[in-house]
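Before any comments, here is the structure.
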Amino acid sequence: MPSTSTAPAASTLDTAEQIIRLGNRFSDAKALLTAVELDVFGVLRENPGTAEEIRERLDVAGRGLPDMLHLLTALGLLDHVDGRFHNSPSAAKYLIRGTDDYIGGFLQRSNRNLYPAWGKLTEALRTGRPQAVGNFDLVVADPRLLRQFIGMMDGLTQVLGPQLVAAYDFAPHGTVLDVGGCRGNLLSKVLGANPGLTGTVFDLPQMEPFFDELMAETGLTGRATFHGGNFFEDPLPRANLVNLGHVLHDWDPGQRKELVAKAYAAVEPGGSLLIYDRMLDDEPEHVENLVISLDMLLVTDGGSEYTVTEVKDHATAAGCRDITEQPLGAYDTLVICRKP
């Protein structure tokens with residue numbers, strides 16, 4: 001089927017030098033991840049500095065720091081003017097902790113979890129088993145680790161929330177259910193843009209205190225509720241619109257089929273089920289989405305990205321006959337399943 005995503009396809013590698021550079025491109029990623037870990041962009045927010053001044057602020061030894069700062073400059077994350085380093089406009093917008101557009105939580109999770117796991121890709125391919133350290137039960141049981149996970153999800157939904165609001169008209173729907181909605185960051189974007197809606201997040205009970213915290217911060221406490229449970233074991237609340245975003249790729253095809261059927265059943269007559277993910281084409285070619293699919297190999301027991309054809313088949317099996325798809329942002333595909 002034709003691509004529904006605007007994600008770039010694979011590029012051509014013509015020379016040995018290009019292949020060698022590809023083999024070392026992990027270095028670019030690690031430079032960014034380390035800069036976020038050290039909060040380089042935060043220390044430069046108000047006060048650009050020389051390499052020596054930045055060394056003192058970061059309390060690092062200094063050897064290698066000038067090269068690191070120049071690499072971040074070459075990557076477009078810093079500017080270097082008259083001997084002083086400044087945040088680039090994109091770094092100032094997206095990489096300052098505590099700001100509305102901060103995406104560093106997602107990058108911090110990549111640094112802690114994905115970067116080490118990718119070093120074990122060979123073992124994952126040989127065994128089919130995940131390679132990330134720990135398991136999600138341990139994360140959920142530890143409020144500190146759970147807050148780190150939530151920070152990662154907030155970094156993702158900080159980008160996807162406005163994109164989803166722009167791509168779909170929520171206004172005709174009175175109630176919205178976000179299945180696996182974490183602490184409700186995406187729901188807060190939907191409700192903020194649609195004053196006539198009320199919403200519910202369905203997620204594990206341990207998320208509820210973090211949900212309450214965010215709803216109080218955003219002034220949405222009276223319009224949003226939390227419903228704790230396990231979506232494989234417990235019934236889903238019914239709603240005019242049910243959202244299933246970046247959930248299905250955590251599970252194997254049989255589990256995906258089960259979740260689509262359960263979510264579609266929770267849609268009130270005349271409503272819709274929204275499903276979005278980094279979906280693959282039937283002949284996959286988009287580098288970013290294939291990388292995310294391998295992420296799922298490394299961190300889940302059976303997850304992967306999946307094709308639009310697969311999710312349409314699941315929705316059809318659940319009884320849906322009105323299914324369309326469209327691009328969502330740079331990498332995602334949005335599948336809309338309408339119930340009569």
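Values below: all heavy atoms of this structure, side chains included; hydrogens, waters and symmetry mates excluded. Counting begins at 1 with the first residue of the sequence.
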Response to the item:
Shortest non-hydrogen pair, Ile275 vs Val260, comes out as CD1-CG2, 4.0 Å

Worksheet item: How about Trp118 and Phe26: are their ring centres within less than 6.0 Å of each other?
Response: no

Worksheet item: Which pair of heavy atoms, one from Ser110 and one from Pro116, lies closest together, and at what distance?
Response: O-CD, 4.4 Å

Practice prompt. Could you walk me through whether Thr300 and Asp252 pass side-chain contact (heavy atoms from CB on, under 4.5 Å), step by step?
Written response: CA-CA 9 Å; Thr300 71; Asp252 65 39; over 6 Å; no

Worksheet item: Okay, side chain of Ser88, backbone of Gly76: is any donor-acceptor separation there less than 3.5 Å?
Response: yes

Worksheet item: Is NZ or CZ of Lys30 both nearer than 6.0 Å to the six-membered ring centre of Tyr115 and within 45° of the ring axis?
Response: yes

Worksheet item: How far does CG of Asp212 sit from OG1 of Thr225, to the nearest 0.5 angstrom?
Response: 10.5 Å

Discussion item. Between Gln326 and Ala167 (side chain of the first, backbone of the second, donor and acceptor by atom type, cut-off under 3.5 Å), is there such a pair?
Written reply: yes

Worksheet item: Do Thr324 and Arg338 have a side chain donor and acceptor closer than 3.5 Å?
Response: yes

Discussion item. Below 30° counts as parallel, above 60° as perpendicular, anything between as tilted: where do the rings of His80 and His70 land?
Written reply: perpendicular

Item to complete: Please examine the side chains of Val165 and Pro162, heavy atoms only from C-beta on, and report whether any two atoms are closer than 4.5 Å.
Response: no

Worksheet entry | pair Leu44-Arg57: side-chain heavy atoms closer than 4.5 Å | yes

Item to complete: Using atom types as modelled and distance alone, determine if a side-chain donor or acceptor of Asn240 lies under 3.5 Å from a backbone N or O of Gly271.
Response: no

Discussion item. So, taking the atom named CG in Leu177 and the one named CG in Leu274, what distance separates them when rounded to the nearest 0.5 Å?
Written reply: 11.0 Å

Discussion item. Applying salt bridge (Lys or Arg N to Asp or Glu O under 4.0 Å) to Arg21 and Asp28, what does each step give before you reach the verdict?
Written reply: CA-CA 10 Å; Arg21 181 68 189 95; Asp28 302 354; 2.7 Å; yes

Practice prompt. State plainly whether one hydrophobic cluster holds both Val36 and Ile150, where clusters connect Ile, Leu, Val, Met, Phe, Trp and Tyr through side-chain heavy atoms under 4.5 angstrom apart.
Written response: no

Worksheet item: Hey, what do you get for CZ (Arg109) to CE (Met152), rounding to the nearest 0.5 Å?
Response: 4.0 Å

Item to complete: Please report the C-alpha distance between Gln163 and Tyr276 in whole Å, then the side-chain angles of each, then the deciding distance to 0.1 Å, and finally whether the side-chain contact (heavy atoms from CB on, under 4.5 Å) criterion is met.
Response: CA-CA 11 Å; Gln163 292 173 344; Tyr276 58 87; over 6 Å; no

Practice prompt. Report the distance from atom CZ of Arg147 to atom CZ of Phe210, rounding to the nearest 0.5 Å.
Written response: 5.0 Å

Fill in: Distance-only side-chain donor-acceptor flag, Thr175 / Thr198, under 3.5 Å
no

Discussion item. Using a 6.0 Å cut-off, check whether atom CG of Asp322 has over 12 heavy atoms from anything other than its own residue.
Written reply: yes

Discussion item. Under 4.5 Å between side-chain heavy atoms, counting indirect links through other Ile/Leu/Val/Met/Phe/Trp/Tyr residues: same cluster for Phe85 and Leu38 or not?
Written reply: yes

Item to complete: Check whether more than 12 heavy atoms from other residues, nucleotides or ligands sit under 6.0 Å from atom CG of Asp14, and answer yes or no.
Response: yes

Item to complete: Determine whether the side chains of Asp332 and His246 contain a donor N or O and an acceptor N or O closer than 3.5 Å.
Response: yes

Fill in: Cluster overlap Leu186 with Tyr102, hydrophobic side-chain contacts below 4.5 Å
no

Discussion item. Determine whether a donor-acceptor pair (N or O, by modelled atom type, separation under 3.5 Å) exists between the side chain of Arg278 and the backbone of Ile292.
Written reply: no

Discussion item. As a test of understanding, state which of Leu72, Asp79, Leu78 forms a side-chain contact (heavy atoms from CB on, under 4.5 Å) with Asn87.
Written reply: Leu78

Worksheet item: With a 4.5 Å heavy-atom cut-off, do Phe232 and Gln255 have their side chains touching?
Response: yes

Discussion item. For the CG atom on Asn24, are there more than 12 heavy atoms of other groups (residues, nucleotides or ligands in this structure) within a distance under 6.0 Å?
Written reply: yes

Worksheet item: Rounded to the nearest 0.5 Å, how far does OG1 of Thr218 lie from CG of Leu191?
Response: 8.5 Å

Fill in: Heavy-atom side-chain contact between Leu297 and Leu125 under 4.5 Å
yes

Worksheet item: Cluster question for you: counting only ILVMFWY and a side-chain heavy-atom cut-off of under 4.5 Å, with indirect links fine, are Val190 and Phe226 together?
Response: yes

Fill in: Separation between OG1 of Thr15 and CD of Gln18, rounded to the nearest 0.5 Å
3.5 Å

Practice prompt. Check for a donor-acceptor pair, side chain of Asp234 on one end and backbone N or O of Asn230 on the other, with a separation under 3.5 Å.
Written response: yes

Item to complete: Name the orientation class of the two ring planes belonging to Phe231 and Phe202 (parallel below 30°, tilted from 30 to 60°, perpendicular beyond 60°).
Response: parallel

Worksheet item: Does one side chain, of Glu305 or Asn289, offer a donor that lies under 3.5 Å from an acceptor on the other?
Response: no

Worksheet item: Can you name the nearest heavy-atom pair linking Thr99 to Arg45, along with the distance?
Response: CG2-NH2, 3.8 Å

Worksheet item: Quick one: are Asp250 and Met296 in side-chain contact, heavy atoms under 4.5 Å?
Response: yes

Discussion item. With a 3.5 Å distance limit and no angle check, can you tell me whether Arg256 reaches the backbone of Gly303 through a side-chain donor-acceptor pair?
Written reply: no

Worksheet entry | Minimum heavy-atom distance Thr333-Glu325, with the two atoms named | CG2-CB, 4.2 Å

Worksheet item: Val159 and Leu114: same hydrophobic cluster, using ILVMFWY side-chain contacts below 4.5 Å?
Response: no

Fill in: Student check: side-chain heavy atoms of Thr316 and Arg321 closer than 4.5 Å
yes

Worksheet, complete the sentence: When every non-hydrogen atom of Asp203 is compared with those of Gly181, the smallest separation belongs to OD2-N, 3.4 Å

Practice prompt. Answer whether the closest heavy-atom distance between the side chains of Val299 and Pro130 falls below 4.5 Å.
Written response: no

Response to the item:
Nearest heavy-atom approach of Ser272 to Val267 is N-CG1, 3.4 Å

Practice prompt. May I ask you to decide if Leu290's main-chain N or O and Ser293's side chain share a donor-acceptor pair within less than 3.5 Å?
Written response: no

Item to complete: Evaluate the criterion side-chain contact (heavy atoms from CB on, under 4.5 Å) for residue pair Met153 and Met207; output intermediate values, then yes/no.
Response: CA-CA 12 Å; Met153 292 300 297; Met207 298 288 185; over 6 Å; no

Worksheet item: Does the side chain of Leu164 come within less than 4.5 Å of Lys189's, by heavy atoms?
Response: no

Worksheet entry | Aromatic contact, Tyr306 with His314 (centres under 6.0 Å) | no

Practice prompt. Give the C-alpha distance, both sets of side-chain angles, the deciding distance and a yes or no for side-chain contact (heavy atoms from CB on, under 4.5 Å) between Asp313 and Thr309.
Written response: CA-CA 6 Å; Asp313 287 346; Thr309 299; 3.9 Å; yes

Practice prompt. Check the surroundings of atom CZ in Arg129: do more than 12 heavy atoms from other residues, nucleotides or ligands lie under 6.0 Å from it?
Written response: no

Item to complete: Output yes when a side-chain donor or acceptor of Arg238 lies under 3.5 Å from a complementary backbone atom of Ala265, and no otherwise.
Response: yes

Worksheet item: Is there a donor-acceptor pair under 3.5 Å between the side chain of Lys339 and the backbone N or O of Glu268?
Response: no

